[in-house]
Amino acid sequence: MLDKIGIAKRIAQEVRDGMYINLGIGIPTLVANYIPKNIHVVLQSENGLLGIGPFPKEHEVDADLINAGKQTVTMMPGSALFSSADSFGMIRSGKVDLTILGAMEVSENGDIANWKVPGKMVKGMGGAMDLVASAKNIIVAMQHCSKDGASKLLKKCTLPITGLRCVKKIVSDMAVLNVLPDGGFRLLERAPGVSVEQIKNATAGKLVVDGEIPEMKI
Amino acid sequence: MLDKIGIAKRIAQEVRDGMYINLGIGIPTLVANYIPKNIHVVLQSENGLLGIGPFPKEHEVDADLINAGKQTVTMMPGSALFSSADSFGMIRSGKVDLTILGAMEVSENGDIANWKVPGKMVKGMGGAMDLVASAKNIIVAMQHCSKDGASKLLKKCTLPITGLRCVKKIVSDMAVLNVLPDGGFRLLERAPGVSVEQIKNATAGKLVVDGEIPEMKI
Amino acid sequence: MIDKRVASAQEAIQDISDNATLMIGGFGLCGLPENLITALLKKGVKGLTCISNNAGVDDFGIGLLLKTRQVKKMISSYVGENEEFERQLLSGELEVELIPQGTLAERCRAGGAGIPAFFTPAGVGTEVAEGKETRVFNGKTYLMEHWLRADFSFVKAWKGDYSGNLIYRGTARNFNPMMATAGKITIAEVEELVPVGELDPNQIHTPGIFVHRIFQGKDYEKRIEQRTVSI
Amino acid sequence: MIDKRVASAQEAIQDISDNATLMIGGFGLCGLPENLITALLKKGVKGLTCISNNAGVDDFGIGLLLKTRQVKKMISSYVGENEEFERQLLSGELEVELIPQGTLAERCRAGGAGIPAFFTPAGVGTEVAEGKETRVFNGKTYLMEHWLRADFSFVKAWKGDYSGNLIYRGTARNFNPMMATAGKITIAEVEELVPVGELDPNQIHTPGIFVHRIFQGKDYEKRIEQRTVSI
């Protein structure tokens, strides 16, 4: 089973040179740490920044420079600043090549639920609905099962939906899976030490296992 | 009868302190020359400039600084530059207080025609349709009659329309008139030496003459 | 030059009445019109509808206005990080309308650009779409969303001039430029107020035509929500 | 840093084929991508649909492409000042679609902002409204207009960096920023091309994400259409 850093490392392997990438809060933010040095990408923050740099040193902290998670950040050379309207304009028009975000549930046709749990205080969807409705390529970072062992890869989402038919790939603590165009999770890789059988048992939605399933290389 | 400069001078009297104003090509552009010095206004050019200054001196000419009539201009202190989308955004949202433009015909309900003459090469509406559809306050500068003596203040426009029910006031070579909310041109002032009778004869649309009509003071 | 200067935040907001609709710029605690929020607190107007991406924290930003029960309704995209907010929401004292962030930004932009409605893909198939018109363009489904406008917009800029031209700094820009365009009355507070002619016309983010009143703010705290440093 | 540099206008347009749809920035002759237009002339591609506010004059700007009969259709707001244009239009060799200037600007902006349609008051009651859906919001009638997108967008900026960030100058900004966002492939020519890090992130008008190729233009003529001076 992968820990959070393992998931982030595996997702980092999906990153290609020249990509503009939006990273959600949590595990997705960690992905930035594991992108190989020879791959040049630009990180987008939906509050109005292209070219997020590392967290600042103490003396560099600037209250006017935060990411979408409200963390203080720095800018890379070649950064650009813009308004929230312009930011979501570039998101909606498909200029962001890759969106990585967390999920509470994903259905076998690619629906995602990640903003609201009935009975709990609703904090809001932030930019998640805009991102999932427009991104060309969405990778979800998630736990395969809830703490009580229930699968989060479902036939249909039980939680309120964030977006329809948008997830392309999932990297969970147990596996890497594609969402097939006609529905179903196609198993691509197993986490180290996890068997296909374990993944089958942990996946409530339709799982497609075709041939030998390799173990992830991290 | 007023000449072009007379019309421009009379329209300049309509300008109030603090106004943002868009001036069309031709007579409207001349209005800027007759705004009293103690009245502070900002001129908008729809190609992306607030704060049009005087024409440049020869050594100040800058190809990157033109007005909507493609004439070289200068900027006033406090000018701002922006895109055409932002420019028409401010026009559509009613931030421009006064729009002054020319017309070929105006109807008694305030319709305006000023962009197309059937049988002649059509050059395009430019920004005129956006301006007339959104401006809070439109003053038209025009000749009361065509060269062959036909009235241009009509019951209904005969030429293709630029915008509906938008003209508030007309300053012609013969008169100043309001367009009444329920239709009809209300005569407000006569040009020097022009009689009410002459204006009646030159106005094909409904003319409302109420009480004594003063002569313009220019 | 059209002079938009007022002496203080108090003077700037003197004609705001109970039940006004306000847009308040900022993302999290970044780019907040701190002086105007403080002046609202002092004035004590009630029943406000606040359009702002977030609702502040318990003791800063719009959170302060929640504490004093001046806010009737929040229109936001994300309202976490605020216990008083949660209490008022659960008790029914506070109405909340949640809007996807990009839709919120675009609805403000539309308000200031004279576009009464537009189509966006955000929220299709979700509860955000309930009761809204949908339409398919090129095989993809979109929702129709309407413009937002406010009685007053509060914006915070880095520099401004006497005629209301504004320049923002860093990610403190966020919602401020669109909100500046969508207020019937837009009030700008700036860290540095300069005479007309000192700002480069080519670098202005919000042209003065959108700004009705401007003043230099004071005592900016610029609270940081998540101070995150690398060693 | 993502390096978007190409060596020349020729290299930048090498994959443009006949019948492509192009957006070309500029207002009148101001802010025109002169080098890209010249390269198109040399390449000789035909059947082009050009979306540009104007059509140039007989011997400058898009007028040059009209002379060589490379343009099949113009989508513009104003096309005066061009005799060859008039001749081709009257003879039926050239198609023309005239669009109100603000609608043209907003349709390009919508294309680059992922908004497939929006409502505008411009053109209501005129022949521009023929065949278009109208709708009443708050008692006022609006037309529904659709986004515009292009196979290639040509834009001209003052300064740009290797990763495609752009700064325009004066009123040469005009349609360039929206067109930059609405091209499947956006090509920028700049008067000064600088290494990444030399432009202030706060002053960038077009973020590099919208620009696919960039080069430093040469021999800018910057023709003036109406040289008007005061004495």
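We name chains A, B, ... by the order of the sequence lines, and we start the count at 1 in each one.
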- Of all the heavy-atom pairs spanning A/Ala63 and C/Ile224, show the shortest one and how long it is. CB-CG1, 3.7 Å
- NZ/A/Lys206: more than 12 non-hydrogen atoms of other groups inside 6.0 Å: no
- Query: Quick check: are there more than 12 heavy atoms from other residues, nucleotides or ligands sitting under 6.0 Å from NZ of C/Lys222?
  - Reply: yes
- Message: One pair to check against side chain to side chain contact (heavy atoms under 4.5 Å, CB included): C/Cys30 and A/Lys70. What are the steps and the verdict?
- Response: CA-CA 8 Å; C/Cys30 180; A/Lys70 285 125 186 172; over 6 Å; no
- Item | Rounded distance [0.5 Å steps], CD1 in A/Ile66 versus CG in C/Asn174 | 7.5 Å
- Item | Contact winner vs chain C - A/Thr74, A/Asp62, A/Ile91, heavy-atom pairs under 4.5 Å | A/Asp62
- Could you tell me whether A/Lys123 and C/Glu86 have a side-chain N and a carboxylate O separated by less than 4.0 Å? no
- Message: Is C/Leu104 close to chain A through its backbone or its side chain, or both, or neither, when contacts mean heavy atoms under 4.5 Å?
- Response: neither
- Distance-minimising heavy-atom pair for C/Ala122 and A/Asp130: CB-OD1, 3.3 Å
- Message: Measuring from atom CD of C/Glu127 to atom CD1 of A/Ile161, what distance do you get when rounded to the nearest 0.5 angstrom?
- Response: 10.5 Å
- Task: Tell me, yes or no, whether the heavy-atom count around A/Lys136 atom NZ, taken from other residues, nucleotides or ligands under 6.0 Å, exceeds 12.
- Result: yes
- Query: Using a cut-off of under 4.5 Å for heavy-atom pairs, which of C/Ser230, C/Ala172, C/Gly28 has the most such pairs with chain A?
  - Reply: C/Ser230
- Most heavy-atom pairs under 4.5 Å with chain A, out of C/Pro100, C/Gly31, C/Cys108, C/Pro177, belong to C/Pro100
- Query: Is the NZ atom of A/Lys156 crowded by more than 12 outside heavy atoms at less than 6.0 Å?
  - Reply: no
- Task: Enumerate the residue pairs fulfilling side chain to side chain donor-acceptor pair (under 3.5 Å) with a member in residues 157-166 of chain A, sequence neighbours excluded, ordered by first and then second residue.
- Result: A/Glu105-A/Thr158, A/Asn114-A/Thr162
- Item | Contact winner vs chain A - C/Ala105, C/Gly170, C/Ser76, heavy-atom pairs under 4.5 Å | C/Gly170
- Kindly compute the distance separating CH2 (A/Trp115) from OG1 (C/Thr126), expressed to the nearest 0.5 Å. 7.0 Å
- Task: Using non-hydrogen atoms and a 4.5 Å limit, figure out which bit of A/Asp86 sits close to chain C: side chain, backbone, both or neither.
- Result: neither
- Query: Using non-hydrogen atoms only, which part of C/Phe85 is less than 4.5 Å away from chain A: side chain, backbone, both, or neither?
  - Reply: side chain
- Message: Is it the case that the side chain of A/Thr72 and the backbone of C/Thr228 share a donor-acceptor pair, with hydrogens and angles ignored and the cut-off at 3.5 Å?
- Response: yes
- Task: Please look at C/Val96 and chain A and tell me whether the side chain, the backbone, both or neither of the residue comes under 4.5 angstrom of a heavy atom of that chain.
- Result: neither
- Message: Under 4.5 Å from any heavy atom of chain A, what part of C/Glu191 do you find: side chain, backbone, both or neither?
- Response: side chain
- Message: What part of A/Val73 gets within 4.5 angstrom of chain C, counting heavy atoms only: side chain, backbone, both, or neither?
- Response: neither
- Pairwise distance CZ(A/Phe55) to CD1(C/Ile231) - rounded to 0.5 angstrom: 11.5 Å
- Lys/Arg-Asp/Glu bridge criterion (N-O < 4.0 Å) met for A/Asp64, C/Arg173: no
- A/Ser84 side, atom OG; C/Arg109 side, atom CZ - distance, nearest 0.5 Å: 14.0 Å
- Message: If I compare all heavy atoms of A/Asn67 with all of C/Phe27, which pair ends up nearest, and what's the gap?
- Response: O-CE2, 3.9 Å
- Check ion pair A/Glu58-C/Arg227 (N to O, under 4.0 angstrom): yes
- Message: A/Arg92 vs C/Glu106, test: side chain to side chain contact (heavy atoms under 4.5 Å, CB included). Steps then yes/no.
- Response: CA-CA 11 Å; A/Arg92 276 191 309 265; C/Glu106 190 66 14; 3.3 Å; yes
- Query: When you look at C/Tyr168 and A/Leu81, which way does the side chain to side chain contact (heavy atoms under 4.5 Å, CB included) test go after all the steps?
  - Reply: CA-CA 10 Å; C/Tyr168 307 96; A/Leu81 295 156; over 6 Å; no
- Should we say atom NZ of C/Lys218 is surrounded by more than 12 heavy atoms from elsewhere, each under 6.0 Å from it? no
- Flag the pair A/Met121 / C/Val79 as yes when at least one side-chain heavy-atom distance between them is below 4.5 Å, and no otherwise. yes
- Message: Quick check for you: to the nearest 0.5 Å, what is the distance between C/Phe175 atom CZ and A/Ser87 atom OG?
- Response: 9.0 Å
- Message: Between C/Asn82 and chain A, with a heavy-atom cut-off of 4.5 Å, which part of the residue counts as in contact: side chain, backbone, both or neither?
- Response: neither
- Item | Option that, when pairs with chain C are counted at under 4.5 Å, heavy atom only, ranks first among A/Ala85, A/Ala113, A/Ser45 | A/Ala85
- Query: Checking A/Glu60 against chain C: side chain, backbone, both or neither under 4.5 Å from a heavy atom?
  - Reply: neither
- Message: If you compare all heavy atoms of C/Pro121 against all heavy atoms of A/Ala133, which two are closest, and at what distance to 0.1 Å?
- Response: O-CB, 3.4 Å
- Message: If you count every heavy atom of other residues, nucleotides or ligands that lies below 6.0 Å from A/Met76 atom CE, does the total exceed 12?
- Response: no
- Task: Evaluate the side chain to side chain contact (heavy atoms under 4.5 Å, CB included) criterion for residues A/Glu46 and C/Gln101: first the C-alpha distance (whole Å), next the side-chain angles of each, then the deciding distance (0.1 Å), finally the verdict.
- Result: CA-CA 9 Å; A/Glu46 63 263 30; C/Gln101 196 173 135; 3.9 Å; yes
